[in-house]
2 protein chains.
Amino acid sequence: MIDEDETRLDRAFVALGDPVRRAIIARLSRGPATVNELAEPIPMTLQGVSKHIQVLEQAGLITRSRDGQRRPCHLNAVALEALTAWIDNYRLIAERQFRRLDSVLTAITPMQEEEEK
Amino acid sequence: MIDEDETRLDRAFVALGDPVRRAIIARLSRGPATVNELAEPIPMTLQGVSKHIQVLEQAGLITRSRDGQRRPCHLNAVALEALTAWIDNYRLIAERQFRRLDSVLTAITPMQEEEEK
DNA sequence: TATTTGATCAACCGATTGGTTGATCATCTA
DNA sequence: TAGATGATCAACCAATCGGTTGATCAAATA
């Protein structure tokens, strides 16, 4: 259980790496929906869609409640926030590196802009 | 070629769904590195690491330059930004939904907090 | 109670993935 | 020029994935 966060992060990223599952996320962003409602526009069997939903649930990206025999799905904002936080961390570092490299280059070849004109 | 963006997004998310590849991203956040340098701390053959790097490159998450026989890798901030933008969009919507639901619930059962005490 | 409906479980299958070993390529260097 | 080095290519393998069909379950309804 020591790498529980790691596998959770794995599952979340992999889950988003499928266009069907991203379409489900997009649909849920307009409000909760049942399995049948989510499956309706997708050219796939209900069981197939159900599997995709389970992947999203195991990744923590969605949660499910119970309403009689229906199982409404909801987006989980907290999980999405964890993903953006992870990516954003490295994004900012990469951007900082790029700016630093840029300043080094302009310091080495200060006439570059003029020459290109 | 109509769904080029879609498959690019697929590849990027799937690429991040592997702890080895995320470790490579983390290493590159401290500056560019060659294949050998990236492979050194990873308990895997050089060919295995090379494959992971190719996955990251095809996903657009890293770029590669040439320095003699070396192929230094660099983080691609632009690709990371596209990912955060995608996730953040739905995250914000989900949070807004949650707040709205919250306000509806407190409006329906205004005495809930008191009863639970 | 019998039937329909929403959803899952189980088994299967082809395609893809993640890793290996062995060979090869291209560049650097003695 | 002859090795040594950085990196990739090719073939293979076990495991996982994405989808199907068929059976089943539990709740709603006639």
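In what follows, chains carry the letters A, B, and so on, assigned in the order in which the sequence lines appear, proteins first and then strands, with residues in each chain numbered from 1.
In this structure a side-chain-to-backbone donor-acceptor pair under 3.5 Å is missing from B/E95 to B/L92. For A/R22 (side chain) and A/L16 (main-chain N/O), a donor-acceptor pair under 3.5 Å exists by modelled atom type.
With A/S29 as reference, A/L75 is the one residue of A/L75, A/L80, A/I24 to meet the side-chain contact (heavy atoms from CB on, under 4.5 Å) rule. Applying the side-chain contact (heavy atoms from CB on, under 4.5 Å) test between A/H52 and each of A/I42, A/D18, A/L38 identifies A/D18 as the sole match.
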Item to complete: Before giving the answer on side chain to side chain contact (heavy atoms under 4.5 Å, CB included), spell out for A/R21 and A/L61 the whole-Å C-alpha distance, their side-chain angles and the decisive distance to 0.1 Å.
Response: CA-CA 10 Å; A/R21 289 192 288 258; A/L61 295 175; over 6 Å; no
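Both B/P72 and A/D18 sit near DNA chain D, but only B/P72 has its closest nucleotide nearer the 5' end.
Considering all non-hydrogen atoms of both residues, B/H74 and B/S65 come closest at NE2-OG, 2.8 Å.
Contacts with DNA chain D (heavy atom under 4.0 Å) in residues 48-61 of chain A: A/G48, A/K51, A/H52, listed by number.
Separation of atoms CD1 (B/I53) and CD (B/Q58) is listed at 13.5 Å; rounding is to 0.5 Å. Of the inter-residue distances, the one linking A/T63 atom OG1 with A/E57 atom CD reads 8.0 Å to the nearest 0.5 angstrom.
When DNA chain C is scanned 5' to 3' for any atom under 4.0 Å from a heavy atom of chain B, the first and last hits are C/dG18 to C/dC28.
Between B/L9 and B/W86, some side-chain heavy-atom pair lies under the 4.5 Å cut-off.
No salt bridge links A/R70 with A/D67; every basic N to acidic carboxylate O contact stays at or beyond 4.0 Å.
Proximity of B/N36 to the phosphate of D/dT5: no side-chain N or O atom is located under 4.0 Å from OP1 or OP2.
In this structure, A/I42 places its CD1 atom 14 Å from P of D/dG18, rounding to the nearest Å. Whole-Å rounding puts the B/D10 CG to D/dG18 P distance at 11 Å.
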Discussion item. For a quick check, with a 4.0 angstrom heavy-atom cut-off, what is the B/S/- contact string for nucleotides 25-30 of chain D, read 5' to 3'?
Written reply: -BBS--
